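Notes to accompany the following structure.
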Amino acid sequence: MSGPELDELSEDSEQLGPTVAVLRRRALQADELSAVRSFSDGFLLKFLRARDGDVELSLRLLLNYQRWRRDSPDISTCLSPSSVLGLLNTTYHAVLPQRDHTGSRVLIYRIGEWNPKDWSAFQVFRVSLMTSEIISTETKTQRRGLKVIFDLQGWSLGHALQINPSLARKISSVLSDSFPLKVRGIHLVNEPMLFRPVFTMIRPFLPEKIKQRIHMHGADFQDTLSDYFSSHVLPPEYGGEGPGIEEACQDWTNQLLQSEQFLQQIASHPTGDIAITSEDSLISEEVQTEQLSEG
């Protein structure tokens with residue numbers, strides 16, 4: 001691991017270098033990872049940053065991530081943006097270009113743009129995983145986490161019937177302790193009565209800290225969203241002054257498509273430990289910029 005990389009986490013722990021070595025040793029000693037020979041520094045750093053440098057919590061998160069990938073091959077082994085391009089082109093999903101005031105990434109999912117007759121819930125969930133894999137490579141996101149806005153306008157019985165208890169458990173698992181990202185807030189807007197049974201199904205699987213970070217805004221969301229996000233972050237459709245939602249969705253779709261090879265490498269790798277190169281995606285350029293400015 002290079003000196004600048006170590007310096008980036010000095011604010012989290014003065015023992016980062018040795019801490020990475022300890023996490024590597026503990027991980028390679030785990031029975032379920034007996035076939036793994038090594039982990040890269042950058043890969044381990046994702047888990048350490050997601051758990052503020054705590055080795056025990058980082059190890060549990062790493063093992064859960066590996067277990068989740070192994071137990072859910074129907075989702076984890078197909079991370080191809082081009083395979084869901086039709087869904088992405090409906091302006092279903094965006095990662096906003098501006099972070100919030102805490103440095104968190106801000107994601108928007110427009111559920112009404114998802115036609116359940118055309119796309120299964122598994123395909124839709126893969127979109128979330130692809131985005132999560134990409135933004136989890138960003139140093140600042142590893143530290144500051146993410147916040148999600150779910151726009152539920154257009155939620156229908158067709159959507160509800162796609163969410164079964166098995167998928168609800170998988171979704172909650174990724175939200176809680178199976179993915180190296182800090183979920184700092186979940187904001188629901190335009191949520192209809194029909195959504196409540198699905199939320200009731202998912203809620204028991206969520207840890208208490210995630211439950212406390214869920215905010216329901218209803219149809220009058222523009223006023224209350226402003227309590228959590230600055231106006232320059234949000235699109236005008238959500239009461240902000242940032243780029244329009246369609247532009248933001250298209251920009252992120254382009255980012256995903258440019259990361260196709262990188263994502264497919266993660267999907268096919270036994271542990272998902274894929275190094276980032278300058279050829280992988282635009283996100284890698286942003287990571288390099290962040291490292292230069294923050295290191």
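Because the structure is a prediction, the values reported are computed rather than measured.
- The distance from atom CG of D251 to atom CG of N254, rounded to the nearest 0.5 Å, is 6.5 Å.
- Residue C78 comes nearest to R126 through the heavy atom pair O-CD, 2.8 Å, listed as atom of the first residue, atom of the second, then distance.
- For the salt bridge (Lys or Arg N to Asp or Glu O under 4.0 Å) test with D177, the passing option among K182, R67, R51 is R51; the others fail.
- One finds a salt bridge joining R99 and E138 here, because a Lys/Arg side-chain nitrogen approaches an Asp/Glu carboxylate oxygen to under 4.0 Å.
- Considering OG of S178 and CG of L62, their distance stands at 11.0 Å, rounded to 0.5 Å.
- Rounded to the nearest 0.5 Å, atoms CZ (F39) and NZ (K46) are 11.0 Å apart.
- V124 and L257 are not part of a single hydrophobic cluster, where members link through side-chain heavy atoms under 4.5 Å apart.
- When all heavy atoms of F47 and S58 are compared, the closest pair comes out as O-OG, 3.2 Å.
- Partner of D100 under the side-chain hydrogen bond (donor to acceptor under 3.5 Å, both in side chains) criterion, out of R184, K147, H232: K147 alone.
- Under the side chain to side chain contact (heavy atoms under 4.5 Å, CB included) rule, P81 has a single partner from L256, I134, V127, T131, which is L256.
- In this structure, Q265 and I274 approach most closely via the heavy-atom pair OE1-CG2, 3.6 Å.
- The shortest heavy-atom contact between T271 and F43 is O-CZ, 3.5 Å.
- By the side chain to side chain donor-acceptor pair (under 3.5 Å) test, N89 is found to be paired with no residue, residues two or more places apart in sequence or in another chain being considered.
- Within the 4.5 Å cutoff, the side chain of E133 has heavy atoms near those of the F179 side chain.
- W155 pairs by the ring-ring contact (aromatic ring centres under 6.0 Å, His included) definition with H159, F195, not counting sequence neighbours.
- Residue L225 shares its hydrophobic cluster (ILVMFWY side chains chained together at separations under 4.5 Å) with L96, V106, I108, I149, V189, F221, Y228, F229, V233, L234, Y238, I245.
- With 3.5 Å as the limit, one finds no donor-acceptor pair spanning the side chains of H101 and S230.
- Counted by atom type alone, T91 and Q250 present zero donor-acceptor pairs between their side chains at under 3.5 Å.
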Test salt bridge (Lys or Arg N to Asp or Glu O under 4.0 Å) applied to E56 and R26, step by step: CA-CA 9 Å; E56 291 299 327; R26 293 286 307 280; 2.5 Å; yes
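- Once rounded to the nearest 0.5 Å, the distance linking OG of S76 with CD1 of I266 reads 11.5 Å.
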